[in-house]
Visitor: 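Mind having a look at this structure? Questions to follow.
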Amino acid sequence: MKYETIFISDIHLGTRGCRAKDLLNFLNNIDCKTLYLVGDVIDVWAMKWHFYWPETHMKILQRLLDIANGTTKVKFIPGNHDEMFHDLVGLKFGNKEILPEEAFISKSGKKYFGNIEILPEDTFISKSGKKYLVLHGDKHDIFHVNFKWISKLCTRFQGRTERLGAYFSSDHRFSKKLKSLVKSATRHINRFEVSIVEEAKERGFDGVLCGHFHSPAHKFINGIEYINDGDWVQNQTVVVEKSSGDLELIDCKALKSCA
Ligand SMILES: [Mn+2]
């Protein structure tokens with residue numbers, strides 16, 4: 001599949017939830033000029049609690065490094081689960097610690113992991129001339145900013161809370177409570193969307209491209225194009241820039257295979 005640009009986020013390598021096989025299939029069949037990794041690519045948080053790194057996850061990381069070694073420019077904007085990529089030194093994969101000389105190849109002051117450029121956010125200008133702010137989005141998540149420890153705790157007990165969720169939804173007494181929880185979660189996402197769009201508007205962008213909420217979306221809010229590229233845990237979505245310069249959210253699950 002040939003595209004100008006592809007945006008992927010929230011892959012969560014290092015967790016059992018990552019749909020690695022499908023993602024690897026997708027990555028093996030793409031051809032683009034620029035590939036954006038919009039955060040939470042490697043779930044370092046989760047791996048601190050439980051080290052999980054199967055072969056498919058290694059293959060994905062290797063594929064991303066290979067793509068960056070070719071003609072495709074790969075840009076990585078770390079999220080909250082891989083924030084330590086802003087400062088790679090000392091990060092450990094199993095027993096292997098990344099040494100300073102392996103981590104950063106400083107080319108004109110830029111940060112690189114292999115040939116993958118690491119940056120806090122980026123300005124993306126589409127072929128049609130629209131200016132987008134590209135960022136993971138966690139800084140606009142009020143809950144995450146104020147209660148980071150709760151977020152981390154949720155990651156720790158992710159498997160267990162899923163089972164708890166199944167228990168609650170099967171019990172009538174709790175269904176009301178669950179519905180109100182879903183409602184407040186929706187309000188929370190709405191607040192996030194408005195906040196991130198506000199920043200984009202204030203800074204003179206036409207749109208914003210983000211991830212973080214595992215909630216794929218493509219819509220206009222207060223005249224600003226809001227695109228959330230979703231995730232590879234609950235969803236299998238990416239955002240692509242077509243040769244026309246239009247951006248499109250693609251559901252790879254619906255396509256069975258993006259290839
Ligand atoms: Mn995130």
Side-chain angles (χ1 to χ4, degrees), residues 6-20 23 35-50 52-53 57 60-61 64 74-88 91 111 113 116-122 124 132-159 161-162 182 184-200 207-218 226-239 249 252:
I6 300 178
F7 301 84
I8 307 178
S9 78
D10 299 81
I11 297 171
H12 291 274
L13 289 175
T15 67
R16 288 179 199 280
C18 169
R19 296 179 192 271
L23 178 63
L35 172 64
Y36 274 97
L37 303 169
V38 197
D40 288 0
V41 173
I42 299 179
D43 200 326
V44 186
W45 271 16
M47 282 201 293
K48 274 185 182 169
W49 297 103
H50 174 70
Y52 177 74
W53 194 257
H57 291 211
I60 287 172
L61 187 60
L64 291 171
V74 183
K75 293 180 165 191
F76 174 32
I77 296 161
N80 46 309
H81 286 256
D82 48 17
E83 61 191 353
M84 44 298 285
F85 270 84
H86 286 301
D87 184 13
L88 269 172
L91 185 70
K111 286 178 180 177
F113 176 55
I116 299 175
E117 187 186 346
I118 300 173
L119 58 181
E121 60 165 53
D122 202 25
F124 166 71
Y132 295 87
L133 172 64
V134 189
L135 74 176
H136 180 66
D138 50 302
K139 303 287 182 290
H140 288 268
D141 179 349
I142 296 155
F143 182 82
H144 169 71
V145 170
N146 295 322
F147 304 103
K148 203 169 175 178
W149 63 276
I150 297 183
S151 297
K152 290 198 177 187
L153 208 64
C154 286
T155 306
R156 169 80 177 91
F157 294 105
Q158 212 159 34
T161 48
E162 269 160 28
V182 170
S184 69
T186 310
R187 268 201 304 272
H188 184 55
I189 293 180
N190 289 345
R191 264 204 298 270
F192 166 81
E193 289 175 347
V194 168
S195 162
I196 208 162
V197 156
E198 238 168 53
E199 185 187 335
V208 60
L209 266 149
C210 61
H212 185 59
F213 260 105
H214 298 203
S215 181
H218 190 180
Y226 170 85
I227 313 175
N228 191 310
D229 52 33
D231 66 289
W232 280 78
V233 180
Q234 280 99 333
N235 306 283
Q236 294 174 35
T237 49
V238 295
V239 168
L249 179 67
C252 294

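Because the structure is predicted, anything quoted here is derived from the model rather than measured. Each ligand, and each atom within it, is numbered from 1 in the order the structure gives.
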Visitor: For D231, enumerate each residue passing the side chain to side chain donor-acceptor pair (under 3.5 Å) test, keeping only those at least two apart in sequence or located in another chain.
Guide: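 Residues passing side chain to side chain donor-acceptor pair (under 3.5 Å) with D231: N235.
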Visitor: For H57, which residues count as a side chain to side chain donor-acceptor pair (under 3.5 Å) partner, sequence neighbours excluded?
Guide: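 Side chain to side chain donor-acceptor pair (under 3.5 Å) check on H57 returns nothing, list empty.
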Visitor: Going by the rule side chain to side chain donor-acceptor pair (under 3.5 Å), which residues pair with T186 if we only count those two or more places apart in sequence or in a different chain?
Guide: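 By the side chain to side chain donor-acceptor pair (under 3.5 Å) rule, T186 matches no residue at all.
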Visitor: Under 2.8 Å from the Mn ion (ligand 1), protein N/O/S atom count?
Guide: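 Total protein N/O/S atoms under 2.8 Å from the Mn ion (ligand 1): 4.
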Visitor: Has the side chain of D82 got a donor or acceptor atom that lies under 3.5 Å from a matching backbone atom of V41?
Guide: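 It does hold such a pair.
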Visitor: Side chains of D141 and H188: do they bring a donor and an acceptor to under 3.5 Å?
Guide: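 Note: D141 and H188 side chains meet the donor-acceptor criterion.
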Visitor: Within the 4.5 Å heavy-atom criterion, are L35 and K75 side-chain neighbours or not?
Guide: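 In short, these two side chains do not touch, never coming nearer than 4.5 Å.
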